[in-house]
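A short worksheet on the structure shown next.
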Amino acid sequence: MSNQKPKKNLKPIKKIIKFGGSCLREPSSLRNIVSILKQEKERVALVVSAVSGITDLLIDAYHLSLSQDRNYQGIMAQIKNRHLLLASELLSLSHFGQYQAKSQEILKQLERTLKGLSLTGESTPSLKARVLSAGERLSAFLLAAVLEEAGFKCRVFETDRVGLVANQPSEEAEVVLEKFDFLFRKTAEEINQGDYIPVFTGFFGITEEGKLALFGRNGSDYSAAVIARGFQATVLTTYKDVPGFLTADPDFVPEARPVNRLSRKEAAELCYFGARILHPKIWEPLEDLETILEIRDFNRPESSGTVIINSAESTARIIKSLSVNQNIALVKVEGPGVGFKPGLIGKIGSRLAEKDLNILTVLTSQTCINLLMSPAAAELARNRLVELKEPAFRKITLEKNLALIACVGEGLRETPGVASHLLSILARKGINLELFSSGGSEVALYLVVKKQEAGRALHLLHEEYLGPGEAREEQVGLTITG
Ligand code: ASP
Ligand code: MG
């Protein structure tokens with residue numbers, strides 16, 4: 001008879017936890033991760049960002065080496081020291097030795113890439129990704145070592161080795177989800193058979209041709225959503241150094257408070273127009289999944305943070321949060337026939353797409369097409385549209401220094417009178433609206449005001465709809481599922 005142990009009753013991983021760079025900043029932060037995981041009842045998979053500040057250092061090193069400035073070596077030394085210092089504070093000698101060897105390997109590879117860049121003075125997006133991805137590799141092995149030290153079993157999975165297929169070698173790549181689904185299945189099955197915590201590197205993947213690619217700054221949220229998809233997770237928790245979504249930007253509205261629950265649509269709307277709390281691409285990998293997204297405060301892990309669910313839910317408060325983007329410009333294309341002449345919007349769109357000029361929102365009327373864009377893009381857009389010499393465009397103007405406020409809440413659109421009430425509040429205080437739009441989104445109303453009026457407008461709206469008034473989320477008595 002074999003004395004093999006019977007196979008444990010292993011449960012598949014259904015919860016993914018992502019730790020951002022600020023959760024890895026100091027020895028005490030890493031200890032906090034250990035204590036969070038000790039309280040965790042389920043088996044989890046982790047996704048990590050680089051230690052806070054490291055990606056910026058890598059970007060500096062990248063540029064210095066490209067311009068043949070030897071100072072990149074000094075930055076390399078800083079990167080090495082920060083990791084080894086953290087490791088030395090937290091690891092016993094044998095774990096430290098292992099981590100030191102692993103980090104040396106990563107740093108050697110990094111050094112080779114940087115040296116190559118400084119010799120040729122030329123780069124590609126995938127070489128840049130090779131440099132920047134070192135941050136997540138260093139942090140993933142560090143976290144794994146710290147967790148091992150605390151008694152957990154861990155395994156690091158570098159995401160260029162587990163099927164995170166990127167669509168292009170770029171700094172803003174995306175995962176080809178059908179390919180990922182196919183390739184990751186086996187990895188997930190294997191991991192589910194194990195009894196360790198898998199630690200995935202955030203921020204990067206690899207193209208089918210074997211070129212590294214990045215998912216954009218703060219892209220580890222996106223990586224975490226992809227990994228959640230790979231495990232068909234029911235929960236994706238991301239720890240941040242903020243309490244979750246707030247009722248407004250606290251820089252404008254100091255009395256803003258956390259929002260306990262949002263729908264995905266609401267959260268996506270808030271992120272698109274200003275809230276920087278989540279990577280805007282996080283939603284796509286989670287489509288078709290009921291995964292609950294939790295944002296938790298790393299410094300107060302016991303607090304509930306914000307829970308984002310995949311269905312609509314209206315509360316007593318019709319508006320749940322206000323976001324603001326102060327970096328807005330407006331290109332106005334006027335002409336008596338622009339509203340009914342077919343094909344004009346298409347023409348504008350393709351003319352601007354040729355130069356990758358992104359339009360945030362289009363608002364049209366019979367006589368005017370309004371394009372909301374970032375100021376830099378708007379300037380170029382105006383010039384390109386003027387060059388078009390389209391006879392239907394009688395006047396093309398550019399207005400800068402605007403701010404866009406999004407008022408977000410499920411059920412907003414169907415509730416009669418919200419828009420007029422909102423407008424009257426602003427009008428009463430003499431705040432002039434440059435533009436107003438309802439209907440573009442099911443869950444948001446947009447207001448465009450002069451930049452210098454944004455703070456006052458936000459204040460007024462917050463006081464009216466989100467102040468300590470009669471309606472409270474608590475009254476609705478929502479229960480958290482999952
Ligand atoms: N480390 C990368 C960055 O700083 C990715 C991330 O933090 O999510 O952008
Ligand atoms: Mg980061």
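Counting starts at 1 for both ligands and their atoms, following the listed order.
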S49 neighbourhood, listing ligand 1 atoms whose heavy-atom distance to it stays under 4.0 Å: 6 (C), 7 (O), 8 (O)
Is it the case that the side chain of R229 and the backbone of P285 share a donor-acceptor pair, with hydrogens and angles ignored and the cut-off at 3.5 Å? yes
Between T159 and T201, is any side-chain donor less than 3.5 angstrom from a side-chain acceptor? yes
For K102, I'd like to know if atom NZ has over 12 heavy atoms of other residues, nucleotides or ligands within 6.0 Å. yes
Under 4.0 Å from one or more heavy atoms of T55, ligand 1 contributes atoms 1 (N), 2 (C), 3 (C), 4 (O)
Say whether G219 and ligand 1 are in contact under the criterion: heavy-atom distance to a ligand atom below 4.0 Å. yes
If you measure from the Lys or Arg side-chain nitrogens to the Asp or Glu carboxylate oxygens, is any gap between E379 and K400 under 4.0 Å? yes
For the residue pair Y446 / E269, report whether a side-chain donor-acceptor contact shorter than 3.5 Å exists. yes
Indicate, as side chain, backbone, both or neither, the part of E136 found under 4.0 angstrom from ligand 1 when only non-hydrogen atoms are considered. side chain
Under 4.0 Å from a heavy atom of R217: give me the atoms of ligand 1 that qualify, with their elements. 3 (C), 4 (O), 9 (O)
